[in-house]
Participant: 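Okay, here's the structure, questions in a sec.
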Amino acid sequence: MNDSPETCVTITADALAAFAGAIFRAAGCDAAESERIALSLVSANLAGHDSHGVVRVPRYVHVLGLGQVRAGQSLTVVHDAAAHALVDGNFGFGQTIAPLAVDLGIAKAKSSGVSVIGLRNAGHIGRVGEWAERAAAAGLISIHFVNVFNGELVAPFGGVDRRFSTNPFCVGVPMAEGPPLLLDFATSVVAEGKVLVASHGGKKVPDDAMIEPDGRLSSDPRTLYGPIEGTDERNPSAGPGALRAFGGHKGSGLAFMCEILAGCLTGGGTSGPAEHGPGRRIANGMLSIYVTPGAFVAAAFADAAREYCTYVKASRPAEAGVEVLLPGEPERRTRALRLKNGIPLQHRTWEAIVATARNLGVNAPARTP
Ligand code: NAD
């Protein structure tokens with residue numbers, strides 16, 4: 001995003017989390033859940049994924065008000081076995097449901113070596129990397145295929161009609177020394193939230209991020225949201241076009257498999273065809289695989305992975321002065337910077353959060369920089 005002071009409000013992570021937490025408490029969540037949601041959103045901003053940060057606060061409050069996501073939920077175990085389980089999130093907040101599902105996967109992998117957890121009907125689980133980091137902190141490799149029930153936004157390779165959601169794929173690998181490797185991306189050219197941020201005046205999305213019904217490529221947020229002049233409302237169902245899958249037929253194929261594994265195999269349902277109207281629920285499904293390195297070649301793995309990382313980073317840069325980064329490095333660097341300098345938010349994003357707060361009788365922090 002454009003982080004220049006002219007276009008941004010800058011706020012510390014602590015102040016932002018406290019403000020967001022107060023909003024969720026006023027919206028009806030208990031203190032623990034409010035804090036969990038707020039910290040999770042702020043951690044996405046800290047990682048540099050503003051698309052999954054506090055820009056979501058107004059939308060979360062809106063869907064809570066509509067009853068599409070529910071406060072105070074827990075997991076229902078639909079099916080349980082030694083090394084796998086199917087769990088239902090009961091449309092609870094993803095920030096409450098996802099850690100419970102991850103902790104179940106961790107416990108099962110620790111006793112069985114590996115585990116597979118199917119999660120369905122979770123509210124928006126946000127930055128999937130957060131859940132891989134949770135598994136990595138417990139010493140586990142994890143692989144996550146995610147879809148969004150009712151969240152059809154992305155055209156398949158060769159098509160213009162929406163058939164997938166932005167279906168993130170994520171792999172986390174703990175390292176014996178140092179932070180985990182973390183690959184975590186949407187299978188669309190950009191996550192929907194990046195179009196949302198762009199529509200608020202933030203960083204423009206690439207020219208090939210979206211496709212119009214006639215096949216023209218587009219970077220215009222109106223392709224996804226329809227007319228946005230004079231309104232802060234952003235309804236991703238309202239636009240005539242679609243996001244595009246990344247990487248041609250390969251990214252499209254990965255997105256497709258996210259639907260099959262996270263949507264069909266969990267029973268949560270695929271992204272479409274989308275239902276409309278106030279009762280419409282959007283929910284994440286996630287198929288996660290947890291692996292204990294010790295179940296394979298623990299010590300040898302740690303050495304081989306460390307050496308291989310060094311080897312990859314030693315590749316001569318394609319562009320002078322731009323080093324080769326490992327998955328997870330950009331997020332760590334942004335986190336360090338933003339913890340030090342504060343989190344920059346587009347004015348429109350900040351104003352939308354403040355308006356949501358005001359409607360709930362919550363004051364914005366006294367000094368908005
Ligand atoms: P992105 O395009 O920024 O890609 C991020 C990944 O690429 C990270 O693993 C990062 O470490 C790596 N990376 C970035 N620059 C790199 C470089 N120069 N060298 C090496 N590796 C590099 O991510 P995105 O597609 O915009 O996704 C953003 C977030 O949105 C993710 O956290 C994802 O989980 C989340 N998301 C969630 C949902 C949901 O339904 N919950 C849906 C879509 C996306």
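These numbers come from a predicted model, not from an experiment. We count ligands from 1, going down the list as the structure has it; atoms in each ligand are counted the same way.
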Participant: Out of Val146, Asp184, Leu183, who is nearest to atom 6 (C) of ligand 1 when you count heavy atoms only?
Facilitator: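 Among Val146, Asp184, Leu183, the closest heavy atom to atom 6 (C) of ligand 1 belongs to Asp184.
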
Participant: With atom 17 (C) of ligand 1 as the reference point, say which of Pro330, Cys258, Ala44 has the nearest heavy atom.
Facilitator: Pro330

Participant: Hey, does Ser188 come in under 3.5 Å of ligand 1, counting only N/O atoms on both sides?
Facilitator: no

Participant: Any idea which of Ser271, Gly126, Gly328 brings a heavy atom closest to atom 41 (N) of ligand 1?
Facilitator: Gly126

Participant: Let me know which of Asn167, Thr187, Thr270 forms a side chain to side chain donor-acceptor pair (under 3.5 Å) with Glu259.
Facilitator: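 When Asn167, Thr187, Thr270 are each tested with Glu259, the side chain to side chain donor-acceptor pair (under 3.5 Å) holds only for Asn167.
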
Participant: Which protein heavy atom lies closest to atom 2 (O) of ligand 1, and at what distance to 0.1 Å?
Facilitator: Phe185 CB, 4.6 Å

Participant: Phe169: which residues meet the ring-ring contact (aromatic ring centres under 6.0 Å, His included) condition with it, sequence neighbours left out?
Facilitator: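 For Phe169, the residues satisfying ring-ring contact (aromatic ring centres under 6.0 Å, His included) (neighbours in sequence not counted) are Phe145.
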
Participant: Do me a favour and list the nearest non-hydrogen protein atom to atom 3 (O) of ligand 1 with residue, atom name and distance?
Facilitator: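 I find the closest protein heavy atom is His49 CE1, 3.2 Å.
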
Participant: Which is it for Val148 and ligand 1 at heavy atoms under 4.0 Å: side chain, backbone, both or neither?
Facilitator: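 Val148 to ligand 1: side-chain contact only, backbone stays beyond 4.0 Å.
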
Participant: For atom 12 (C) of ligand 1, what's the nearest protein heavy atom and its distance?
Facilitator: Glu331 OE2, 4.4 Å

Participant: Answer side chain, backbone, both or neither: which part of His124 comes under 4.0 Å from ligand 1, heavy atoms only.
Facilitator: side chain

Participant: Just wondering, are more than 12 heavy atoms of other shown residues or ligands nearer than 6.0 Å to CZ in Arg222?
Facilitator: no

Participant: Ligand 1 versus Arg127, non-hydrogen atoms closer than 4.0 Å: side chain, backbone, both, neither?
Facilitator: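 Under 4.0 Å from ligand 1, Arg127 contributes backbone and side-chain atoms.
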
Participant: Working note: Glu192 + Arg162, criterion salt bridge (charged side-chain N to carboxylate O under 4.0 Å, His left out); need CA distance, chi angles, decisive distance, verdict.
Facilitator: CA-CA 13 Å; Glu192 185 259 320; Arg162 301 176 180 201; over 6 Å; no

Participant: For ligand 1, which atoms sit closer than 4.0 Å to a heavy atom of Pro327?
Facilitator: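 Answer, ordered by atom number: 11 (O).
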
Participant: When the ring planes of Phe24 and Tyr60 are compared, do they come out parallel, tilted or perpendicular, using 30° and 60° as the limits?
Facilitator: tilted

Participant: What's the shortest distance from atom 36 (N) of ligand 1 to any protein heavy atom, and which residue and atom give it?
Facilitator: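 The answer is His52 NE2, 3.0 Å.
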
Participant: What class does the angle between the rings of Trp350 and Phe19 fall in, given that below 30° is parallel, 30 to 60° is tilted and above 60° is perpendicular?
Facilitator: tilted

Participant: Measure the spacing between CG of Leu140 and CD1 of Ile289 and express it to the nearest 0.5 Å.
Facilitator: 13.0 Å

Participant: Protein heavy atoms: any of them under 4.0 Å from atom 27 (O) of ligand 1?
Facilitator: yes

Participant: Sequence neighbours excluded, which residues qualify as side chain to side chain donor-acceptor pair (under 3.5 Å) partners of Asp103?
Facilitator: Arg134

Participant: Only heavy atoms of Thr166, strictly under 4.0 Å: list the atoms of ligand 1 that pass.
Facilitator: 42 (C), 43 (C)

Participant: Could you give me the CA-CA distance, side-chain angles and deciding distance for Asn341 and Thr10, then say whether side-chain hydrogen bond (donor to acceptor under 3.5 Å, both in side chains) is met?
Facilitator: CA-CA 8 Å; Asn341 301 333; Thr10 302; over 6 Å; no

Participant: Just how far is it from atom CD1 of Ile260 to atom OG1 of Thr266, taken to the nearest 0.5 Å?
Facilitator: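 Going from CD1 on Ile260 over to OG1 on Thr266, the span is 11.0 Å.
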
Participant: Provide, to 0.1 Å, the distance between atom 20 (C) of ligand 1 and the closest protein heavy atom, together with that atom's residue and name.
Facilitator: Leu325 O, 3.3 Å

Participant: Between Ala186 and ligand 1, which part of the residue brings a heavy atom under 4.0 Å of the ligand: side chain, backbone, both or neither?
Facilitator: both

Participant: With a cut-off of 4.0 Å, which atoms of ligand 1 are near a heavy atom of Leu182?
Facilitator: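 Near Leu182, meaning under 4.0 Å from one of its heavy atoms, ligand 1 has 9 (O), 11 (O).
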
Participant: Can you confirm if the NZ or CZ of Arg281 lies within 45° of the ring axis of Phe91 and under 6.0 Å from the centre of its six-membered ring?
Facilitator: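 Cation-pi check for Arg281 and Phe91: passes.
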
Participant: Walk me through it: do Thr96 and Glu33 pass the test side-chain hydrogen bond (donor to acceptor under 3.5 Å, both in side chains)?
Facilitator: CA-CA 7 Å; Thr96 293; Glu33 183 160 54; 2.5 Å; yes

Participant: Below 3.5 Å, N or O to N or O, backbone or side chain included: is there any such pair between Asn284 and ligand 1?
Facilitator: yes

Participant: Polar-atom distance check: Glu329 versus ligand 1, any N or O pair below 3.5 Å?
Facilitator: no

